[in-house]
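Worksheet for the structure shown next.
We name chains A, B, ... by the order of the sequence lines, and we start the count at 1 in each one.
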Amino acid sequence: MADSPIRVRFSPAPTGYLHVGGARSALFNWMYAQRTGGTMVLRVEDTDADRSRPELIKAIHDNLAWLGITWDEEYLQSDRFDQYRAAAQDFLDRDLAYRCDCSQDDVKARFEASGEQGGYDGHCRDRNVQPGEGVVVRFRTPDSGVTAYDDIIRGRVEFDNATLEDFVIVRSSGVPLFHVANAYDDLDMGITHVVRGEDLVNTVPRVLLLRQAMLGPDRQDTPPPVFAHLPLIVNEKRQKLSKRRDDVSVGDYAARGYLPEAMRNYLLTLGWGPRDGGEEIRPIEELVAQFDLADINAAPAFFDVKKLDHFNAEYIRALPVEEYIERVQPFLEDTDVGPIDPDLFGRMAAFVQGRVRLLSESASFLDWVVGEPREPSEKDWNKVMGNSEEKLAMTGNVLDRVAERLADCDWTPEALEAVVFGVGEELETKTQMSVRMALSGARSGIPLFEPMAELDRHVVIGRLRAARAKL
RNA sequence: GCCCCCAUCGUUCAGUGGCCUAGGACACCUGCCUUUCACGCAGGCAACACGGGUUCGAAUCCCGUUGGGGGUGCCA
């Protein structure tokens, strides 16, 4: 893989399951690495001991693997605390940082009293605070000038240094904050492209300032990484997808019967489209071949589950039927009508495959074959069976006659079709709908005669008679 | 409040000064196919937020307005 100097990284914090936004960031990094033959680094940013949950790292691995996203190197920031601390100490030694014993309440109170700009006011800059309880380390930001960078998606972004507060780089617990870890690792790991969500843009000046400080006066010509801040993925209210109110867990989508290829392909259409303007649903290799960070949109994109569903349905239909059967297995065990016999499903699979949007919907097409007919709504029942004397009488005739003929015909789909349609010709009416309703309790579904042949003769006749009685 | 970003059909991507009476896809609507549904096919609806510039010419460049969003932690 690593035959080009490009190095990208995906840096999740293990504070929750992988969500679609994170997956999209990982995916775009991966796409770029694939395209350029670069190296993909997975860097777990677990510097917040209170919120990080190590057991989630495995889940992140699994979700990424599910999506087919691979990585070449992996690091855990908690393994590298000593290095970050050393960097912070070096800042202290060089007077680029200082200790501060202001409580968060103090900082807030002074900010409110001043009515001026937000954040920390530099109170401890020259107080020469010594190490101790409740003491943090703050980075001394420049009071004037501008920190700017060129975003490959957004163009030049500038920040007035005067608006940057002296931010905390080491907690009172002695554990460094993510800015330091981030700046240190990107430098140390030789990251060339930082591709991540737009919500991180305003951490750039801080990270850049830290990086310059780490580089020292002699190495200032070391170029910063190329930044690419991906547009946010938003909900229908145009807000950033949130774990609390939106469906964002990649694992949940997997559990609901989405195919990873479909999810991956769909995610790629959010903020990006193939350069050649061709189909958006296509093999990942074709998409990789024309992927470029510079082509990514800057505007937020709505996560449209309907469109995702369409992608998923397309991908399901495109599967060879054997593969569809294999992939659907996990969804056959725990259904509303109990486990579905794999052999039966195998025989019906081709009919089901073309009709589902989610793998998990598959079983519902066979509910009446495995269990009892559904309870139809009155509206559906009337619509099919008739809402006039005349129509009801006809339906009764159909049901009677079909039940009669079924008593001693061959029990094959072809024979059943011949009986049902034969009655229709005799009575000069359509017969499939009423038979379907009698047997399945639904107006629509997979073709009728094949599943019908799976049922026992007496069951079919029983259902026809029961429906007749209900007319 | 302050900082930063964004602005083409309902949605998404295209369009980088003339090829735009703005194109594709999803969604929606209509028909065709089919003794169900789905698929497929044909067609339809539907957008350059607003106001100023720049220019022979602006969806495309600049400024402003409005609207939306993100950030503003000893979270990442």
*Do A/N312 and A/Y266 pass the side chain to side chain donor-acceptor pair (under 3.5 Å) test, and can you show the C-alpha distance, the side-chain angles, and the key distance before you say yes or no?*
CA-CA 9 Å; A/N312 207 50; A/Y266 175 66; over 6 Å; no

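As judged by a 4.0 angstrom heavy-atom cut-off over every strand, A/P447 is placed among the base-contacting residues. Within the nucleic acid shown, A/D295 comes within 4.0 Å of sugar-phosphate atoms alone, with no base atom in reach, counting heavy atoms only. Residue-level contact check: A/N202 touches the bases, meaning some heavy atom is under 4.0 Å from a base atom. Among the atoms of the strands shown, only primed sugar atoms or phosphate atoms (P, OP1, OP2) are found under 4.0 Å from some heavy atom of A/G354. Across all strands shown, A/E45 has heavy atoms under 4.0 Å from sugar-phosphate atoms exclusively, and none from any base. Nucleic acid contact class of A/L200 (heavy atoms, under 4.0 Å, all strands): base. Using a 4.0 Å heavy-atom criterion, one finds that A/T269 contacts the sugar-phosphate atoms exclusively. Within 4.0 Å of A/L448, counting heavy atoms only, lies no atom of the nucleic acid at all. Residue-level contact check: A/R51 touches the bases, meaning some heavy atom is under 4.0 Å from a base atom.
Taking 4.0 angstrom as the limit, A/T203 places none of its side-chain polar atoms (N or O) nearer than this to OP1 or OP2 of B/rA76. Applying the 4.0 Å criterion to OP1 and OP2 of B/rA14, one finds that A/N297 has a side-chain N or O inside that range. Distances shown here put a side-chain N or O of A/R171 below 4.0 Å from the OP1 or OP2 atom of B/rC75. In terms of phosphate contacts, A/R53 brings no side-chain nitrogen or oxygen within less than 4.0 Å of OP1 or OP2 of B/rA76. The phosphate of B/rU12 (OP1 or OP2) has no side-chain N or O of A/K306 nearer than 4.0 angstrom. Phosphate proximity of B/rU36 to A/Q432: absent, as no side-chain N or O sits under 4.0 Å from OP1 or OP2.
Distance noted for atom P between B/rA42 and B/rA27: 16 Å (whole Å). B/rC56 and B/rA46 have their C1' atoms separated by 33 Å, with the value rounded to a whole Å. Across the C1' atoms, B/rA58 and B/rG52 are found 14 Å apart, a figure rounded to whole Å. B/rC3 and B/rG73 have their P atoms separated by 15 Å, with the value rounded to a whole Å. Taking the P atoms as reference points, B/rG68 lies 15 Å from B/rU8, given to the whole Å. For the C1' atoms, the distance from B/rC19 to B/rU36 is 48 Å, rounded to whole Å. Across the P atoms, B/rG53 and B/rG10 are found 29 Å apart, a figure rounded to whole Å. One C1' atom belongs to B/rC39, the other to B/rA49, and the distance between them is 40 Å to the nearest Å.
The residues A/E74 and A/R43 are annotated as not salt-bridged, no charged nitrogen and carboxylate oxygen being separated by less than 4.0 angstrom.
Between the side chains of A/S103 and A/D106, a donor-acceptor pair is found at a separation under 3.5 Å.
Pair assignment for B/rC61 gives B/rG53, based on Watson-Crick or G-U wobble hydrogen-bonding distances that are each under 3.5 Å. Under the Watson-Crick and G-U wobble criteria, each requiring two contacts below 3.5 Å, nucleotide B/rC20 is left unpaired. Both distances falling under 3.5 Å, in either a Watson-Crick or a G-U wobble arrangement, place B/rC41 opposite B/rG31. In a base pair of the Watson-Crick type (N1 to N3 plus N6-O4 or O6-N4) or a G-U wobble (N1-O2 and O6-N3), with each distance short of 3.5 Å, B/rG67 is matched with B/rC6. Judged by Watson-Crick or G-U wobble contacts below 3.5 Å, the nucleotide B/rA47 has no partner.
A/F167 and A/Y120 have their aromatic ring centers separated by at least 6.0 angstrom.
Going from atom CG of A/L439 over to atom C1' of B/rU36 covers 12 Å, rounded to whole Å. Straight-line distance from the CZ atom of A/R275 to the P atom of B/rC13: 16 Å, rounded to whole Å. Rounding to whole angstrom units, NZ of residue A/K237 and P of B/rG70 are separated by 11 Å. Residue A/E314 contributes atom CD, which lies 15 Å from atom P of B/rA38 at whole-angstrom precision.
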Residues 291-306 of chain A side chain polar contacts: donor-acceptor under 3.5 Å, at least two apart:
from   : atom 1 : to     : atom 2 : distance (Å)
A/D292 : OD1    : A/A294 : N      : 3.3
A/D295 : OD1    : A/R275 : NH2    : 3.3
A/D295 : OD2    : A/R275 : NE     : 3.3
A/D304 : OD1    : A/K306 : N      : 3.1

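Shown are A/L259, A/L308, A/V248, A/L358; of these, the side-chain contact (heavy atoms from CB on, under 4.5 Å) with A/Y253 is made only by A/L308.
Listed by chain and number, the residues in a side-chain contact (heavy atoms from CB on, under 4.5 Å) with A/R51 are A/T15, A/D48 (sequence neighbours excluded).
Residue ring and base: A/F421 counts as stacked with B/rU35 (centre distance below 5.5 Å, interplanar angle below 30°).
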